[in-house]
Amino acid sequence: MESITKADVQGSMSLTVNGVVYKVSRDEFPPSTTLLQFLRESGVSTGTKGCCYRGGCGVCVVAIALASPEDDGVKHRSVNACCMLLYACEGAEVTTVEGLGSVSTGLHSIQDRLAQHDGAQCGYCTPGQVMNMYGLLKQNPRPSAKQVEDAFDTTICRCTGYRPILDAMKSFAVDTPGDVLDIEELTAKTCPSSGQACRGQCRVDRGVMTYQNGVDASLSWLSPQSLDDLLSVLAKSAKTNYRLVVGNTGFGVYEELGAWNYQTLVDIRGIKELYIVDVSPASHVTLGANLTIADLIAKLDGDLSDLAYADTFRRHLKLVASNTIRNVGSWAGNIMVKHAYPNFASDVFTLLETVEARLNIVSHKAREQVSLSEFMTSDMVGKVIVSVQLPKYPEQTRQIRSLRTSQRLQACEASVVSGFNFPVKDDGTCLLVAQPIIALQLKGNPLIRCKKSEQFLTGKALSDAAVFKEAVKILSEEVVSGAKVSDNQDFLTSLAVSHFYKFVLSACKTRLPDQLVSGGSDLERDVMSGTQDLGTQNPENFPASSAVMKLTAPSLVTGEIKFLDDLSPYRGQLFAVPVLSTVARAEIASMDASSAQGIPGVVAFLQASDIPGVNNWRPKGWYGPGEVQELLCSGQVLYAGQPLGVVVADNEVTARQASSQVKVTYKNIEPAVTDLKVAIAKQRFHTEPRTFSAGDVKAALASAANVVSGRVHTGDQYHFHLENQVAVCSLEDTGGMKVKASSQFLDFTQGSVAQVLGMTDSDVTVEVTRLGGGFGGKMYYSSQVAGLCALAAHKTKAPTKMTLDLNTNMQMQGSRTAYRFDYEVAFDDCGKLLAVDLTCYSDSGAVFLPIDANEALEWFVDNCYLCPNWSVKAFSCHTDRPPSTACRAPGSAQAIFAMESIIDHVASFLGLEHLAVRKLNLFSEGEKTMKGVVLESCLIRDVVSQMEEEMAYAERQRAVQEFNARHRWKKRGLHLMPSMYSMVCCEMLCLNTTVSICHGDGSVVVTHGGVDMGQGINTKVVQVCALKLGVPVEKIRVSPSSTVSSPNGWFTGASVTSELVCMGVIKCCEELTERIQPIRDCLGDSTEWDALVRQCFFEMVDLTAYYRSGAGNRSVKNYSCYSVCCAEVELDVLTGQYQVLQVDYLCDSGVSLNPRLDLGQLEGGFMLGCGFFLLESMTFEPDSGRALSTGTWTYKPPMAKDLPIKFNAKFLRNSPNPVGVLGSKAVGETPVASGACPLFALKRAVEAARSDVGMTEWFPMDAPATVQRVHAVCSTPLRHMSLCADDTVKAEK
């Protein structure tokens, strides 16, 4: 690959990236190469990141200008570079984040605004966010705020909680106050080929373009430019393994559709006949097969807006996939995936079936028009869909509507998609004048056409209660009989019938009671808004405590920051990929790597016998005897996803390919236990339980007026750091190993690598510059990857990199610990707590590791409530899963949720207002926690009172009650949740800090044992150092962390690292100031800093100071953080879908060291908590124990529209922390538990729905409160569905 001039372009496969034309060597890149691979492997763009490599995470987004055969123009799109095939970019103009702006030449407006809004924390997703917005503005330079929010369903952000990103991007909207971007600001580029203004596409008519890979001539790329050319190609390729290519997005769902699995790839994007849009016939419109889903949306909003179903289809299609997938994925490609995989829940197919669309299909032999059902049984080899015909219904009144319910609103496969097409009499009677259409697509099933229900309803009035009742019965039977896959059958059936009921309520709304009508509408989401109050800032501490932008923000938004995977490779660098077990609880019978080793480029295959040291990556410096987790399985497989071997090759693609060719057989296979409930029932406990107590629980339970018992569960949670685990290892020339790792715990990684290699710790140097997110996932498991990588480097004697993709990462790595809490609680008639007897069961996974498994929940389980008598018993359970590990707020989030569930049960049992019971039990100054800690500066009652008053809690509660009284099928819930987070790690952890003043110019360099992973630790360090030394922040630099400069350090986590390091900076600066003072006294206070430092140097003053903060000297003491969250939600009772209307959050942060950064930590932590309590959970195959949720298609962290519609966050004013660093408190972990507040608000809404049918008893609300679980607890059986308001209530009674 090389950059070329115009003269070189002719006859070559070329593309333009950021104004530079690149010629692609056929020998270097095969046809299956993606644009992302090209950009990163060639070094053209390292700002464009990789994570899932399936089009689901959005960190690889770039903007592309492609020829539009439809109108011979150019279309600008933001796309996933991991989906876009390189050869499909022939002649395209690609813009990456580096092409917009840089720190040296100036930031692009998008980059600048994102930085100013604090929209970059770790910064790994930031280039994707920038380029998604750039693509939107290239398409529509004057978007509305809603259009901006709609477009941000593409790039996942685990750090920020999305609010600052959306605020930054909505600043470009025409309906948002502020400056609107001038169109000229988007681009000022000239075409490097013509020298004229760039059109975005250098289109060359090449006929049928053929590129054959020089490495494997069996792989070919064909680019026919006409339909006749295509038919000729299909005739010749019919007997080969070929695939038609438009958007190449289907492999994100089914890996078998990956381009690498085919001999011939046929790019059909250049065929003009496939872009037809013909609206002239009176009876139908014709749409070409190459129109993307985004094109369809635009047509339905434009040329096709007169169609009776235009609005419902347009609204529906906006929820299909993501913006960048819709931009390139064609509707025909979508239904071809359905053809290949009939159980694929295709929204597009369902919509087309709803209007009985007809497909025009051609081959070199014939042309035919078929129905969708005929299409599904057709052999499509040698054939291509040319177009679809959609009916216009010119002379009929029709009620046409589609619905979808999904676990997450954006970028999520639907549980049920439904389409209803009812020809009704135009007199308000809802009389069906012809046979209707009912199309139902249940997840994991073929589409169901409900013909019996259609026939029954023909000629009948839909508004007739008796007709409706019988229709529901027939439909439910039809769904049950039509479903081929039984997973979640009850839920899917109930949901499908609920869709029908919703349609009837909307279609017949003029003839139905007002109380029922709202059940027919979808939840409407307004544009997100909110306020941010930064609390108290102390000018005496400036520049510390001031709200300044993160120092690295400009470099993050431009993509110039280099993460570990972005670094240029060493000369001769190799690439390692692990081979993982596919079963749990088995023995390895054989492992044959001969096929893998026969692939050109493969250098080695390593297994347990190749380990020169100890086969245990858990270092003995941190673990006791018997606490072992093997680096490579030596025989007994403990869990699916356990590393068995390592393939090493000269490039990453070859290494991945070869890893799949290693053949492993197993013996003595036993069924895996991956369910905590089963482990408890089988009493699979790793150890005897840990116990904690206070007072006399037995006596209190025996004498109490009221005692209730219950049980509540919390699930697991994958960390979803967008930078996957990565390590680069190289042998030192004097022996030993240098490790560059993506690690939160350098000392741990050092010990791990040394142990497996049989070296001393001093032989291993670990360096960490920054992380693309961590959240605890890189506290321990990063060392496993570093150990595997180091083993490969050691055995091959070559520098080696190991980078996991998301699928591998999710299989190998343990997640947040799942819990079950069984409790018995005693209380008086007012709700005052008297005793709690609590048994906790934690899912520790296949290996018991005390550091990971003992999550100190005893410090958090009483939350902010006083109870005189406690008994806590904690069991660590053995499941056949990867050992669980720390995840942001480990143990505390689960424990606080358990306590909130307990006190919720108390209030429900007594029939008392929930907030009143909570207020009654709040801690007061000087009271003791269960662990015996005396609370000083206890602010919990203050923050609750302030929140209750400022948000007008009583008034809003009345408004919610009035809303619920008016609506049967929409309910709202309001909940206020206080919490106390005990910062117990301040006196446990130890971290080193060194401050050195350079004598030449007085600049300062700081090294410390913490790790920058998005929390802004280095910005705070610079602020504090500038304050204490009295020098400008521009003179201070923070160096990367290393086991050489900061040995024997603890992990970065528990939200205390910034405080410990800043305290170390303060102590170092105080020591340096004391040393410098005698020289200052001699020279005078007016002496400039540079001169003062130079004189100190010549006077032999030591200009380097060192301090070790933490447990040894208790330089930062333990304390408690107090916060209160209030959430209001709205629930669609019929589907279980819900949205968070408003969240008000008041947090006690003392005097923040940087309130802008800490507010970002608050919002990000809260949204991570919302993911834990509302959305996320891992799933496993029952027998093998293999993880099923190993990518963005099956695992759903929050997206932008999971954010509260209104989010008000503020820091408590005038409350400095008397024992904190400059009066500050930590923020990062405290909001995670508050993510449960929307769950309890949702529970209030469910209670309102259940009370309508006389169900007033208490029920548990387990986490996560997914749509399926909410639908189940709403308890809406078919008999409740009626067209008479009274019947919906009486049915249960």
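All values derive from a computational prediction rather than experimental measurement.
Here the straight-line distance linking atom CE of M549 with atom CG of N1154 works out to 11.0 Å at 0.5 Å rounding. Interatomic distance, NZ of K49 versus SG of C82, reported as 15.0 Å (0.5 Å rounding). Atom OG in S78 sits 7.0 Å away from atom CG in L136 (nearest 0.5 Å). Taken to the nearest 0.5 Å, the CE atom of M131 stands 10.0 Å off from the NZ atom of K138. Taking CZ from R314 and CD1 from I297, the interatomic distance works out to 8.5 Å, rounded to the nearest 0.5 Å. In this structure, CE on M528 lies 4.5 Å from CG on L1203, to the nearest 0.5 angstrom.
The backbone N or O of G50 lies less than 3.5 Å from a partner atom in the side chain of Y124, making a donor-acceptor pair. The main-chain N or O of A959 is never found under 3.5 Å from a side-chain atom of R972 such that the two would form a donor-acceptor pair. Using a distance-only test at 3.5 Å, with no hydrogens or angles considered, a donor-acceptor pair links the side chain of T176 to the main chain of K170. The backbone N or O of G58 lies less than 3.5 Å from a partner atom in the side chain of T155, making a donor-acceptor pair. Put simply, the side chain of K971 gets close to the backbone of N964: a donor and an acceptor are under 3.5 Å apart.
Under the rule for a salt bridge (Lys or Arg N to Asp or Glu O under 4.0 Å), the partners of E70 that lie at least two apart in sequence or sit in another chain are K75, K299. With sequence neighbours excluded, no residue satisfies ring pair (Phe, Tyr, Trp, His ring centres under 6.0 Å) with Y953. Listed by chain and number, the residues in a salt bridge (Lys or Arg N to Asp or Glu O under 4.0 Å) with R1156 are D118 (sequence neighbours excluded).
Residues D1132 and S521 share a closest heavy-atom pair of OD2-O, 4.1 Å. Contact record, K1196 with Q407: CB-NE2, 4.1 Å, taken as the closest heavy-atom pair. Closest approach of T126 to L556, counting heavy atoms only: CG2-O, 3.8 Å. In plain terms, the two heavy atoms of C159 and F775 that are nearest each other are SG-CZ, 3.8 Å. Looking at every heavy atom in both residues, A294 comes nearest to N327 through CB-OD1, 3.6 Å. Taking each heavy atom of I156 and Q129 in turn, the nearest pair found is O-NE2, 4.2 Å.
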Stepwise, does the side-chain hydrogen bond (donor to acceptor under 3.5 Å, both in side chains) test hold for D1144 with N1208?
CA-CA 5 Å; D1144 298 273; N1208 302 315; 2.9 Å; yes

side-chain hydrogen bond (donor to acceptor under 3.5 Å, both in side chains) between D295 and T292, worked out:
CA-CA 5 Å; D295 291 335; T292 68; 3.1 Å; yes

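Inspection of the S1152 and D1158 side chains reveals an N or O donor paired with an N or O acceptor under 3.5 Å. No hydrogens or angles considered: a donor-acceptor pair under 3.5 Å links the side chains of T324 and N80. Residues S555 and T552 bring no donor and acceptor atom of their side chains to less than 3.5 Å of each other. For the residue pair Q121 and Q1161, a side-chain donor N or O sits within less than 3.5 Å of a side-chain acceptor on the partner. In the model, E560 has a side-chain atom that pairs as donor or acceptor with a side-chain atom of T558 under 3.5 Å.
Classification of R315 and E524 as a salt-bridged pair holds, one side-chain N sitting under 4.0 Å from a carboxylate O. K1201 and D150 are joined by a salt bridge, as a carboxylate oxygen and a charged side-chain nitrogen come within less than 4.0 angstrom of each other. Ion pairing of D153 with R326 is present here, as a side-chain N (NZ or NE/NH1/NH2) and a carboxylate O approach within less than 4.0 Å. At a threshold of 4.0 Å, the pair R1213-D533 counts as salt-bridged, since one of the basic side-chain nitrogens sits closer than that to a carboxylate oxygen.
Ring geometry for Y309 against F313 counts as tilted: the plane angle lies between 30° and 60°, on a 0 to 90° scale. Taking the six-membered ring for Trp and thresholds of 30 and 60 degrees, F1166 and F1207 have ring planes inclined between 30 and 60 degrees apart.
Between Y162 and F152, the ring centre distance reaches or exceeds 6.0 Å.
Shown here is R966, whose CZ atom has more than 12 heavy atoms of other residues, nucleotides or ligands within 6.0 Å.
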